[in-house]
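Down below is the structure, laid out as structure tokens.
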2 protein chains.
Amino acid sequence: MRIDPNSATDLPVQIAQAIKDAIVSGALIVDERLPSEAELAEQFQVSRPTVREALKRLAAQSLIRTQRGAFGGAFVNRLSFEDAQAQQITTSTLLLSMNAVSFDTACEARFALERACAPLAVERRGDTHLAAMRAEIRQQGAPDLSDEAFCASDVAFHRALVDAAANPVLSYHLAGAVEAMQPLMNMITFTARSRGTIVALHARIAEAIDARDAAQADTALAELMHYTMSLKDDVMAARAAARC
Amino acid sequence: MRIDPNSATDLPVQIAQAIKDAIVSGALIVDERLPSEAELAEQFQVSRPTVREALKRLAAQSLIRTQRGAFGGAFVNRLSFEDAQAQQITTSTLLLSMNAVSFDTACEARFALERACAPLAVERRGDTHLAAMRAEIRQQGAPDLSDEAFCASDVAFHRALVDAAANPVLSYHLAGAVEAMQPLMNMITFTARSRGTIVALHARIAEAIDARDAAQADTALAELMHYTMSLKDDVMAARAAARC
DNA sequence: AGACTTTTAAATGTCAGACAAATGATTTCT
DNA sequence: AGAAATCATTTGTCTGACATTTAAAAGTCT
């Protein structure tokens, strides 16, 4: 691991990249201890604060963890599905909120991915998944539910659907797509009637998955997507009219 | 924005979280300048190195960028699709390599997601997408191609397929799934015959998308998935036999 | 007056050195 | 032998300083 002290980029960035490369390439394996900050400083010919910044960059990406005390230090961290999902969700959410992605584009992507999960969910769903989906459906029927709580439950329903596919890699990739939609969905005001329609579609999806009917699940998901988009169009049109 | 100096967690972590929350909540908008390190240090009642570490954590996630000089400082960064994709690819790759995810699980997830893109690609593919796919197919037929180069071209082919769906959000989500498979694919040794089969399937996929035949594209993708899995089984079996 | 050059102030980048706090190993005492 | 005290090591945080970069402001010349 070497760095170029004359390069234009920050020294900590270079050091972080060098260590990251070592991890990705397998030169450093999970739970292996890195040299201490003082040793790294000497190795890279920089000061300890510079090394610290590099380590902090890596810690921010959950690539390493640090431990104080004797025989402490920085250790290569096993990237858990949980950590990876959390990162993915914030990244996806920010990406959508900062880039003026249209509601339709995000919605299309989300439902396309979800429909990919449906056939697997139909095949493998267990009782816990079905129970989780139905619990959310019940909650969505509560009359005094705020719009935000309704959206949160909607997200939970769809994540249960994804989890029913019993593929952790799929769950990880979908987490970002599903969660990132929540802020966009929160811009919609749901009438009692529109909530009823959505809940009915959720029920159809849950039933189809229970009955192992892939075609029906796919159809219901497609309908839900179109209904969601039309709902948003109505809200936008109503707001535009109110302004004039 | 406040922090609790008596909390168990690191001060920089708390500060970074506070700033991150401000960005996510919209209190800080894109390109807005954060207070200088000295001002932040006073505001949070900590020293400048502590603030710096917090800012470096955020910079590592591309949430802020820093600029030196007068009227420089830290600015809220617009998270570009490019940055987000790069992050997602490394996260996905590490997740798979560090968690002993089975080849089949990752492969299933990848093809399930890709099949979700196919109908949209059929609908919207442009000439550039078709040309990109065919260019990769041509390259894959080169007789003196290394296994690694073959895999890289395979990834490029599939990314072109995903891009043909003309949905940047979808491309972003799929980038991780497709790229993260490459290290796993690199463990396979491709015979001339297996390469031929794969190239033929790629050609069928490209033709189906050109002909706007969604069903055919889906079938070919499913076949490719099964063939890839069986290929890996053969390689594993051959290696196990060689060891005995 | 306008364009070019120089200066300057403000901010981050890097360093050195110090002390605090945590933590596991070692030693000592009962 | 077991429990308690000590110790060495390592990260966490602070103070203070200087280097470097950058854009704005001031100054100068045509």
Side-chain angles (χ1 to χ4, degrees), chain A residues 1-20 22-23 28 31-77, chain B residues 1-20 22-23 28 31-77:
Chain A
M1 290 199 294
R2 291 274 160 73
I3 59 168
D4 173 15
N6 300 321
S7 167
T9 49
D10 292 355
L11 293 175
V13 172
Q14 290 184 61
I15 295 170
Q17 190 61 49
I19 297 174
K20 189 177 186 174
I23 295 174
L28 292 169
D31 291 335
E32 186 170 338
R33 183 177 174 281
L34 273 70
S36 71
E37 294 178 355
E39 287 168 328
L40 285 172
E42 191 178 5
Q43 185 178 330
F44 287 115
Q45 288 290 301
V46 296
S47 70
R48 192 161 84 95
T50 306
V51 167
R52 275 186 70 73
E53 283 194 10
L55 294 179
K56 289 303 147 190
R57 293 186 89 93
L58 298 173
Q61 299 173 277
S62 305
L63 287 179
I64 61 169
R65 62 175 185 278
T66 56
Q67 204 176 352
R68 287 222 278 209
F71 296 80
F75 298 84
V76 178
N77 200 24
Chain B
M1 290 199 295
R2 291 274 160 71
I3 58 167
D4 173 16
N6 300 321
S7 168
T9 48
D10 291 356
L11 293 175
V13 172
Q14 290 183 61
I15 296 170
Q17 189 61 48
I19 297 174
K20 188 177 186 174
I23 295 175
L28 292 170
D31 290 336
E32 186 170 339
R33 183 178 174 281
L34 274 69
S36 73
E37 294 179 355
E39 286 167 329
L40 285 171
E42 190 177 6
Q43 185 178 330
F44 287 114
Q45 288 290 301
V46 296
S47 69
R48 192 161 84 95
T50 305
V51 167
R52 272 186 72 74
E53 284 194 10
L55 294 179
K56 289 304 147 189
R57 293 186 90 92
L58 298 173
Q61 298 173 276
S62 305
L63 287 178
I64 61 169
R65 63 176 184 278
T66 55
Q67 203 175 354
R68 290 222 277 206
F71 297 79
F75 297 83
V76 178
N77 199 24

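Convention: sequence-line order gives letters A, B, ...; per-chain numbering from 1. The structure presented is a predicted model; accordingly, all values stated were derived computationally and were not measured.
Rounded to whole Å, atom P of D:dT22 lies 15 Å from atom CZ of B:R33. For the pair B:L11 CG and D:dC14 P, the interatomic distance rounds to 6 Å; values are reported in whole Å. When the C1' atom of D:dG12 is taken as reference, atom CD of B:E53 falls 8 Å away, rounded to whole Å. A:F44 has its CZ atom 14 Å from the P atom of C:dT14, to the nearest Å. In this structure, B:L40 atom CG and D:dT13 atom C1' are separated by 17 Å, rounded to whole Å. Distance, A:Q45 CD to C:dT14 C1': 14 Å, rounded to whole Å. Between the C1' atom of D:dT20 and the CG atom of A:D10 lies a distance of 12 Å, rounded to the nearest Å. Protein atom CZ of A:F71 is 23 Å distant from nucleotide atom P of C:dA21, rounded to whole Å.
Taking every side-chain heavy atom of A:S47 into account, C:dT14 is the closest of C:dA25, D:dT11, C:dT14. Of the candidate nucleotides D:dT11, C:dA10, D:dC14, C:dA10 has the atom lying nearest to any side-chain atom of B:A70. Comparing C:dA16, D:dT10, D:dG12 by their closest approach to the side chain of A:P49 singles out C:dA16.
Taken to the nearest 0.5 Å, the CD1 atom of B:I64 stands 7.0 Å off from the NZ atom of B:K56. In this structure, A:I23 CD1 and A:Q61 CD are separated by 9.5 Å, a value rounded to the nearest 0.5 Å. Distance check, rounded to the nearest 0.5 Å: CZ of A:R68 to CG of B:D10 gives 7.5 Å. Taken to the nearest 0.5 Å, the CZ atom of A:R57 stands 10.0 Å off from the CG atom of B:L58. In this structure, CD1 on A:I19 lies 5.5 Å from CG on A:L55, to the nearest 0.5 angstrom. Taken from CZ in A:R52 to OG1 in A:T66, the straight-line distance is 7.5 Å, to the nearest 0.5 Å.
Toward the 5' end of DNA chain C, the nearer of the two residues A:R48 and B:Q67, judged by each one's closest nucleotide, is B:Q67.
Within the nucleic acid shown, A:R65 has no heavy atom closer than 4.0 Å to any nucleic acid atom.
For the residue pair B:L40 and B:P35, the shortest heavy atom distance occurs at CD1-O, 3.6 Å. In this structure, A:E53 and A:P12 approach most closely via the heavy-atom pair OE1-CG, 3.6 Å.
Fit an axis to the five pairs at each end of the helix from C:dA1-D:dT30 to C:dT30-D:dA1 and the two axes sit 10° apart, to the nearest 10 degrees.
Contact annotation: B:T66 side-chain N/O to C:dG13 OP1/OP2 distance is under 4.0 Å. Listed pair B:R52 / D:dT13 fails the phosphate criterion, with no side-chain N or O lying under 4.0 Å from OP1 or OP2. Side-chain nitrogen and oxygen atoms of B:K56 include at least one within less than 4.0 Å of the OP1 or OP2 phosphate oxygen of C:dG13. Here A:S36 does not reach the OP1 or OP2 of D:dT9: none of its side-chain N or O atoms lies under 4.0 Å away. Between B:T50 and D:dC14 there is a side-chain N or O to OP1 or OP2 distance below 4.0 Å.
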